[in-house]
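Values below: every heavy atom of this structure, side chains too, minus hydrogens, waters and symmetry copies.
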Amino acid sequence: MSTVSTVNGGISFWYAQEGIPAPREPLPGDTTADVCIVGGGYTGLWTAYYLKKAVPFLNITVLEARFCGYGASGRNGGWLYNGIAGRDRYARLHGHDAAVRLQQAMNDTVGEVVRAAAEEGIDADIHHGGVLEVARTPAQLARLRDHHSVEIAFGETGRVLRGARETAEHVRVAGAVGSTWTPHGARLHPAKLVTGLARVVEALGVTVHESTPVTGIRPKHAVTPYGTVRAPYVLRCTEGYTAGLKGHRRTWLPLNSSMIVTEPLPRSLWDGLGWEGRETLGDMAHAYMYAQRTADDRIALGGRGVPYRYGSAAARVTDTARTGAATVEALHDLLVQFFPGAAGARIDHAWSGVLGVPRDWCATVTLDRSTGLGWAGGYVGSGVATANLAARTLRDLIQQDSGQSGPTELTALPWVGHTSRRWEPEPLRWLGVHTLYRAYRAADRREAAATTAATDRIARSADRIAGRG
């Protein structure tokens with residue numbers, strides 16, 4: 001495959017299409033606020049939005065190192081869906097019913113994002129077509145059936161299990177032997193959502209300072225090169241860039257994910273592929289893929305390339321999002337495996353970004369009432385929707401702490417106040433992550449060549465080591 005015409009880096013295709021928004025002014029000096037939010041992505045902006053809606057007189061300041069949506073919020077695959085990292089662990093720690101409440105909150109969150117975007121006039125190419133996950137090997141099919149049953153056990157409603165023929169009636173994925181579909185999902189344009197949300201929170205009266213990197217967070221203080229914001233509440237909403245903050249190098253691992261997007265595909269090709277429902281599309285591989293049919297009829301597809309850079313280097317905001325040629329080639333090969341008819345399609349753009357991974361793979365939201373420090377993240381790639389639930393939970397925690405309200409259904413969810421142990425120091429961190437992903441890729445290759453429905457033992461061992469088993 002020739003990549004001569006492929007744009008590589010430049011944040012993402014989403015911003016290449018929309019253009020980088022006009023810059024906002026950096027912090028002009030020392031100031032005060034009622035709430036200071038560090039990070040201008042989905043988590044930070046949704047938190048500002050819901051707090052300001054609930055308490056209009058609050059003085060809220062958002063500090064962003066580059067520009068709103070520079071990180072994962074402007075680089076992701078546009079999956080607004082009900083997955084949440086750590087649910088099974090929360091079931092073990094707090095009981096099945098507590099995890100069901102968390103899952104139901106996530107189910108509702110998909111509709112909440114759709115509702116809020118429509119109410120605020122944010123046109124983010126949202127199409128509420130659900131999520132389709134396919135299996136292409138016997139082992140994947142066995143996992144898919146187990147996954148389907150587990151989701152139903154956690155209160156999933158409307159989920160459908162499909163065989164090969166029925167799957168092809170919706171999306172014709174080469175070699176698909178089955179699928180599961182849930183209505184709790186939607187496709188969207190990530191940059192349109194985050195830039196629209198930034199405009200909305202500013203219009204509500206939230207102060208947003210860009211080009212303002214935070215170099216240190218401590219109780220009631222967010223320190224930057226241009227001055228310090230003092231506030232009773234300081235919220236860390238930095239997700240995959242958390243490792244770049246002083247004292248947080250091993251808090252969450254910045255895992256790398258990469259994407260490609262094709263040129264707009266002709267009607268004749270779509271007639272062969274189907275995908276008229278524009279579901280978000282994933283699979284049951286260990287090194288899984290994720291894809292969408294965009295509003296302008298491209299295929300945007302992502303997966304793991306180089307999963308981790310030594311010393312958490314990907315958490316530095318100077319990352320250009322360039323993607324190695326081998327990763328672009330691998331993603332193109334995956335595209336062709338799924339959709340052979342797209343083999344001749346031009347790849348218009350390739351890019352990368354980082355997502356936050358806690359050591360136990362559990363998303364969390366916390367407010368330390370003794371210090372006023374709060375944080376949310378560790379979404380492990382499911383942040384488009386989870387960030388919204390986290391933001392509403394932070395709102396409720398702050399209102400409870402300040403005496404404006406009591407406990408709510410959200411403050412009682414099992415992920416509130418959860419702590420994860422820190423990641424191992426280097427070089428163990430680098431060796432561990434790269435070994436795990438080599439194992440997952442090897443397991444996928446072995447399963448593709450096997451006739452057994454059993455999950456490969458290499459993957460089972462990797463899950464146990466990673467803390468996912």
Side-chain angles (χ1 to χ4, degrees), residues 1-3 5-8 12-14 17 76-79 81 125 127 129-141 144 162-181 185-189 257-305 323 325-351 441 444-445 447-449:
M1 180 195 67
S2 172
T3 59
S5 62
T6 301
V7 177
N8 197 324
S12 68
F13 162 75
W14 312 118
Q17 190 176 53
N76 64 80
W79 271 48
Y81 85 119
D125 295 343
H127 181 82
V131 181
L132 182 71
E133 294 167 287
V134 300
R136 300 176 65 242
T137 69
Q140 287 185 21
L141 182 60
L144 182 139
R162 296 169 176 158
R165 182 175 298 177
E166 193 177 2
T167 298
E169 292 173 358
H170 293 269
V171 183
R172 284 180 278 284
V173 173
V177 293
S179 65
T180 181
W181 175 84
R187 177 220 66 195
L188 57 76
H189 187 299
S257 197
S258 300
M259 292 197 70
I260 58 172
V261 65
T262 69
E263 63 182 321
L265 302 181
R267 180 72 253 176
S268 58
L269 184 53
W270 286 115
D271 288 342
L273 298 181
W275 213 345
E276 293 303 316
R278 297 180 185 263
E279 308 90 335
T280 57
L281 177 68
D283 72 349
M284 298 303 293
H286 302 291
Y288 55 85
M289 60 78 74
Y290 50 94
Q292 66 152 282
R293 178 179 176 178
T294 68
D296 60 346
D297 287 335
R298 305 168 187 263
I299 296 177
L301 180 147
R304 299 290 178 264
T323 300
T327 297
V328 177
E329 186 73 32
L331 291 174
H332 178 263
D333 289 347
L334 193 59
L335 169 71
V336 174
Q337 289 172 28
F338 272 66
F339 303 110
R346 185 182 69 244
I347 302 301
D348 274 356
H349 205 122
W351 70 98
R441 292 188 182 100
D444 284 331
R445 289 193 298 269
E447 288 180 0

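Between the side chain of Arg278 and the backbone N or O of Arg187, no donor-acceptor pair lies under 3.5 Å. When atom types are taken as modelled, the side chain of Glu263 and the backbone of Arg346 share a donor-acceptor pair closer than 3.5 angstrom. Although no hydrogens or angles enter the test, the distance criterion places no donor-acceptor pair under 3.5 Å between the side chain of Asp283 and the main chain of Val134.
Of all heavy-atom pairs spanning Val336 and Ala343, the tightest one is CG2-CA, 3.7 Å. The two residues Thr280 and Ala186 have their closest heavy-atom pair at CG2-O, 3.7 Å. Between Ala176 and Ala164, the shortest heavy-atom contact is O-CB, 3.6 Å. The two residues Ala350 and Ile260 make their nearest non-hydrogen contact at CB-CG2, 4.1 Å. Scanning all heavy atoms of the two residues, the minimum distance from Gly185 to Val131 falls at CA-CG2, 3.7 Å. Considering all non-hydrogen atoms of both residues, Leu144 and Ala135 come closest at CD1-N, 3.8 Å.
Residues Pro264 and Asp348 meet the side-chain proximity criterion, which asks for heavy atoms closer than 4.5 Å. Counting only heavy atoms from C-beta outward, the side chains of Val7 and Trp351 never approach each other to under 4.5 Å. Annotation: side chain of Ile299 is in contact with side chain of Trp270 (closest heavy-atom distance under 4.5 Å). Taking 4.5 Å as the limit, some side-chain heavy atom of Ser258 sits within range of a side-chain heavy atom of Leu331.
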(request) Please report the C-alpha distance between Glu133 and Tyr288 in whole Å, then the side-chain angles of each, then the deciding distance to 0.1 Å, and finally whether the side-chain contact (heavy atoms from CB on, under 4.5 Å) criterion is met. (result) CA-CA 10 Å; Glu133 294 167 287; Tyr288 55 85; over 6 Å; no
(request) I would like to know whether Val171 and Glu279 meet side-chain contact (heavy atoms from CB on, under 4.5 Å); could you show each step before the answer? (result) CA-CA 9 Å; Val171 183; Glu279 308 90 335; 3.8 Å; yes
(message) What verdict does the ring pair (Phe, Tyr, Trp, His ring centres under 6.0 Å) test give for Phe339 and Trp275, after you've listed the backbone C-alpha separation in whole Å, the side-chain angles of each residue and the deciding distance to 0.1 Å?
(response) CA-CA 11 Å; Phe339 303 110; Trp275 213 345; 5.5 Å; yes
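Using a cutoff of 4.0 Å between basic side-chain nitrogens and carboxylate oxygens, Glu169 and Arg162 are not scored as salt-bridged. Ion pairing between a basic and an acidic side chain is recognised when a charged N comes within 4.0 Å of a carboxylate O; Glu276 and Arg267 show such pairing. Ion pairing of Asp444 with Arg136 is absent here, as no side-chain N (NZ or NE/NH1/NH2) approaches a carboxylate O to less than 4.0 Å.
In this structure, OH on Tyr290 lies 5.0 Å from CE on Met259, to the nearest 0.5 angstrom. Taken from CG in Asn76 to CG in Leu188, the straight-line distance is 7.0 Å, to the nearest 0.5 Å. Atom CD of Gln17 and atom OG of Ser12 lie 9.5 Å apart (nearest 0.5 Å).
Each of Leu281, Leu132, Thr167 was scored for a side-chain contact (heavy atoms from CB on, under 4.5 Å) with Val173, with one residue passing: Leu281. Each of Leu265, Thr262, Ile347 was checked for a side-chain contact (heavy atoms from CB on, under 4.5 Å) with Arg298, and the lone residue meeting it is Thr262.
Judged by distance alone, the side chains of Asn8 and Thr6 never bring a donor and an acceptor atom under 3.5 Å apart. Side-chain polar atoms of His127 and Gln292 form no donor-acceptor pair below 3.5 angstrom.
Trp79 and Tyr81 have perpendicular rings, their planes meeting at more than 60° on a 0 to 90° scale where under 30° would count as parallel.
Under the 6.0 Å cut-off for aromatic ring centres, His189 and Trp14 qualify, their centroids lying closer than that.
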